[in-house]
Engineer: 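The structure follows.
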Amino acid sequence: MNDQQISTQVIGVDLGGSAIKLGRYDALGNCHQSLTVPTPQPATPSAVFSVLLEAISQITNNVKSIDGIGIGLPGPVDGTGRISQIAINLKNWQNVPLADWIEAKIGLSVVMANDANCAGLGEAWLGAGCRFKNLILLTLGTGVGGAIILNGELFVGHQGTAGELGLITLNFDGPVCNSGNRGSLEQYASIQAIRRETGLEPAELAANAKAGDTKAIEYWQQYGRRLGAGLASLIYILTPEAIILGGGISAGAELFLPSTLAEIERRVLASSRQGLQVLIAELGNQAGAIGAAKLALDTFVLKQ
């Protein structure tokens with residue numbers, strides 16, 4: 001560890017519908033300070049901006065130099081990483097130039113990305129994906145988010161919106177998705193899907209399965225097969241070294257992962273899955289802030 005790596009510090013922000021998580025990290029991934037504040041309700045752009053400025057001031061207090069700020073948001077960000085196009089669970093968020101607002105107010109450089117992309121960067125940097133250069137992350141939560149890391153770098157496409165892995169089609173005539181698609185992977189692998197099909201929360205369904213409930217066990221096996229079928233398409237396109245599964249549902253992975261792996265083996269040629277590892281995310285709810293910090297490091301420090 002050298003002095004320059006420690007003195008280089010960035011802020012990572014995970015902006016969610018109920019909480020805003022911040023962390024101050026050095027270039028080695030050491031967290032020097034963290035902070036969580038409630039997201040204002042209603043979470044309008046002006047209200048969130050005010051709370052965010054105050055939180056940033058707290059976490060940068062008495063720090064001589066900050067090299068940049070990375071922010072993860074629950075929705076697509078434009079290709080420049082400066083405009084939040086839509087933010088789920090935040091009120092009246094359409095094409096909000098949040099990076100410009102912050103830079104104008106405090107003079108620190110800001111870059112932004114989708115929160116799932118930030119989680120993927122975090123896991124690739126300090127979590128389950130740190131040994132790999134090519135990986136994908138799926139967040140199995142209220143929806144199904146995704147991130148693609150190719151050759152060690154986040155892939156977002158020419159418009160900044162690539163990596164919506166949960167929106168690939170699994171069933172041509174399946175349930176309607178908020179994206180406008182039908183039968184997307186999200187409609188079979190999200191918390192909302194489990195609620196729709198069983199009337200239970202994932203934790204309840206997992207507890208039932210662990211207690212020996214046959215129907216719950218069968219449901220998780222079916223869940224695993226569906227997830228495996230969706231992953232098969234992604235594997236054929238990207239041939240990643242690793243697939244990282246995060247989000248709340250991943251806590252019950254032992255119930256569905258065997259079926260997922262069996263489905264991948266059934267559907268994917270051995271040459272396309274050679275050496276593939278399917279792993280559970282390690283950073284929990286800090287992955288977004290850690291990845292946002294890595295985004296800032298990559299943008300303002302390492303590529304300079």
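The chain is numbered in sequence order, starting from 1.
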Engineer: Work out which heavy atom in Thr60 is nearest to a heavy atom in Ile56; give both atom names and the distance.
Structural biologist: OG1-O, 2.8 Å

Engineer: Could you tabulate the donor-acceptor pairs under 3.5 Å formed by side-chain atoms of residues 231-247, not counting sequence neighbours?
Structural biologist:
from: Tyr236; atom 1: OH; to: Arg267; atom 2: O; distance (Å): 2.8
from: Tyr236; atom 1: OH; to: Leu269; atom 2: N; distance (Å): 2.9
from: Glu241; atom 1: OE2; to: Lys133; atom 2: N; distance (Å): 2.9
from: Glu241; atom 1: OE2; to: Asn134; atom 2: N; distance (Å): 2.8
from: Glu241; atom 1: OE2; to: Asn134; atom 2: ND2; distance (Å): 3.3

Engineer: Looking at Glu123 and Glu282, would you say the former's side chain and the latter's main chain have a donor-acceptor pair under 3.5 Å?
Structural biologist: yes

Engineer: Out of curiosity, does Ile191 fall in the hydrophobic cluster containing Leu138 (side-chain heavy atoms, cut-off under 4.5 Å, transitive links)?
Structural biologist: yes

Engineer: Heavy atoms only: give me the nearest Asn181-Ser179 pair and the separation to one decimal.
Structural biologist: N-OG, 3.2 Å

Engineer: Calculate, to the nearest 0.5 Å, the distance between atoms NZ and OG1 belonging to Lys21 and Thr39 respectively.
Structural biologist: 8.0 Å

Engineer: Does a donor on one side chain sit under 3.5 Å from an acceptor on the other, for Asp78 and Thr80?
Structural biologist: yes

Engineer: About how many Å separate CG of Leu140 and OG of Ser250, when rounded to the nearest 0.5 Å?
Structural biologist: 6.5 Å

Engineer: Do Ile20 and Val51 come close enough that some side-chain heavy atom pair is under 4.5 Å?
Structural biologist: yes

Engineer: Does Glu265, at its CD atom, have more than 12 non-hydrogen atoms belonging to other residues, nucleotides or ligands within less than 6.0 Å?
Structural biologist: no

Engineer: Where do Cys31 and Tyr25 come nearest, in terms of heavy atoms and distance?
Structural biologist: CB-CE2, 3.5 Å

Engineer: Side-chain contact test, heavy atoms from C-beta onward, threshold under 4.5 Å: evaluate it for Ile83 versus Val96 and give yes or no.
Structural biologist: no

Engineer: So with a 6.0 Å cut-off around CD1 of Ile217, is the heavy-atom count from everything else above 12?
Structural biologist: yes

Engineer: State, with a plain yes or no, whether a side-chain heavy atom of Ser184 is found less than 4.5 Å away from one of Ile168.
Structural biologist: no

Engineer: Side chains of Tyr219 and Glu197: closer than 4.5 Å at any heavy-atom pair?
Structural biologist: yes

Engineer: CD of Gln94: more than 12 outside heavy atoms within 6.0 angstrom?
Structural biologist: no

Engineer: Please check if the side chain of Ser190 supplies one atom and the backbone of Gly143 the other of a donor-acceptor pair under 3.5 Å.
Structural biologist: no

Engineer: How close do Ala216 and Ala209 get, counting heavy atoms only, and between which atoms?
Structural biologist: CB-N, 3.6 Å

Engineer: Set out, in order, the CA-CA distance, both residues' side-chain angles and the distance that settles side chain to side chain contact (heavy atoms under 4.5 Å, CB included) for Ile69 and Val13, then state yes or no.
Structural biologist: CA-CA 8 Å; Ile69 299 174; Val13 180; 4.1 Å; yes

Engineer: Does Thr139 use its side chain to pair, donor to acceptor, with the backbone of Gly141 at less than 3.5 Å?
Structural biologist: no

Engineer: Within this structure, what is the CD1-CD distance for the pair Ile59 and Gln9, rounded to the nearest 0.5 Å?
Structural biologist: 10.0 Å

Engineer: Below 4.0 angstrom, N of the basic side chain to O of the carboxylate: do Glu186 and Arg196 qualify?
Structural biologist: no

Engineer: Is Ile280 reachable from Ile194 through a run of hydrophobic residues whose side-chain heavy atoms are each under 4.5 Å from the next?
Structural biologist: yes

Engineer: Around atom CG of Asn178, are there more than 12 heavy atoms from other residues, nucleotides or ligands closer than 6.0 Å?
Structural biologist: no

Engineer: Say you draw a straight line from CG of Leu73 to CG of Leu90; how long is it, rounded to the nearest 0.5 Å?
Structural biologist: 7.5 Å

Engineer: Starting from the C-alpha separation in whole Å, work towards a yes-or-no answer on side chain to side chain contact (heavy atoms under 4.5 Å, CB included) for Thr8 and Leu297.
Structural biologist: CA-CA 9 Å; Thr8 296; Leu297 278 169; 3.9 Å; yes

Engineer: Pairs under 3.5 angstrom only: tabulate donor-acceptor contacts from the side chains of residues 97-122 to other protein residues two or more places apart or in another chain.
Structural biologist:
from: Asp100; atom 1: OD1; to: Arg82; atom 2: NE; distance (Å): 3.1
from: Asp100; atom 1: OD1; to: Arg82; atom 2: NH2; distance (Å): 2.7
from: Glu103; atom 1: OE1; to: Arg82; atom 2: NH2; distance (Å): 2.6
from: Glu103; atom 1: OE2; to: Arg82; atom 2: NH1; distance (Å): 3.2
from: Glu103; atom 1: OE2; to: Arg82; atom 2: NH2; distance (Å): 3.3
from: Glu103; atom 1: OE2; to: Val110; atom 2: N; distance (Å): 2.8
from: Asn114; atom 1: OD1; to: Ala116; atom 2: N; distance (Å): 2.8
from: Asn114; atom 1: OD1; to: Asn117; atom 2: N; distance (Å): 3.3
from: Asn114; atom 1: ND2; to: Gly75; atom 2: O; distance (Å): 3.3

Engineer: So, does Arg24 use its side chain to make a donor-acceptor pair with the main chain of Gln33 at under 3.5 Å?
Structural biologist: no

Engineer: With sequence neighbours left out, what residues match Glu204 under salt bridge (Lys or Arg N to Asp or Glu O under 4.0 Å)?
Structural biologist: none

Engineer: Just say parallel, tilted or perpendicular for the rings of Tyr223 and Trp220, cut-offs at 30° and 60°.
Structural biologist: perpendicular

Engineer: Which value, rounded to the nearest 0.5 Å, describes the distance between Asp67 atom CG and Thr299 atom OG1?
Structural biologist: 12.0 Å

Engineer: Same cluster for Phe132 and Leu150 if Ile/Leu/Val/Met/Phe/Trp/Tyr side chains link at under 4.5 Å?
Structural biologist: no

Engineer: For the residue pair Tyr188 / Asn171, report whether a side-chain donor-acceptor contact shorter than 3.5 Å exists.
Structural biologist: yes

Engineer: Taking a hydrophobic cluster as the set of Ile, Leu, Val, Met, Phe, Trp and Tyr residues connected by side-chain heavy atoms closer than 4.5 Å, whether directly or through intermediates, do Val144 and Val278 fall within one such cluster?
Structural biologist: yes

Engineer: Please tell me if the side chains of Ile66 and Ile11 come closer than 4.5 Å, counting only heavy atoms from C-beta onward.
Structural biologist: yes

Engineer: Check for me, please, whether Leu255 and Ile264 land in the same ILVMFWY cluster - side-chain distances under 4.5 Å, paths through other members count.
Structural biologist: yes

Engineer: How long is the span from the CD1 atom in Ile148 to the CG atom in Leu165, to the nearest 0.5 Å?
Structural biologist: 5.0 Å

Engineer: Using side-chain heavy atoms (C-beta onward) and a distance below 4.5 Å, is Leu170 in contact with Gln187?
Structural biologist: no

Engineer: Of all heavy-atom pairs between Trp93 and Leu15, which one has the smallest distance, and what is that distance?
Structural biologist: CH2-CD2, 4.2 Å

Engineer: Using a strict cut-off of less than 4.0 Å between a Lys/Arg side-chain nitrogen and an Asp/Glu carboxylate oxygen, indicate whether Arg266 and Glu263 qualify as a salt bridge.
Structural biologist: yes

Engineer: Kindly indicate whether the side chain of Gln85, heavy atoms from C-beta on, has any atom under 4.5 Å from the side chain of Val77.
Structural biologist: no

Engineer: Can you confirm whether Phe256 sits close enough to Arg225 that some side-chain heavy atom of one is under 4.5 Å from a side-chain heavy atom of the other?
Structural biologist: no

Engineer: Determine whether more than 12 heavy atoms belonging to other residues, nucleotides or ligands lie under 6.0 Å from atom CD of Gln41.
Structural biologist: yes

Engineer: Compare every heavy atom of Phe155 with every heavy atom of Ala162, then report the nearest pair and how far apart it is.
Structural biologist: CB-CE2, 3.7 Å

Engineer: Is there a donor-acceptor pair under 3.5 Å between the side chain of Ser50 and the backbone N or O of Ser46?
Structural biologist: yes

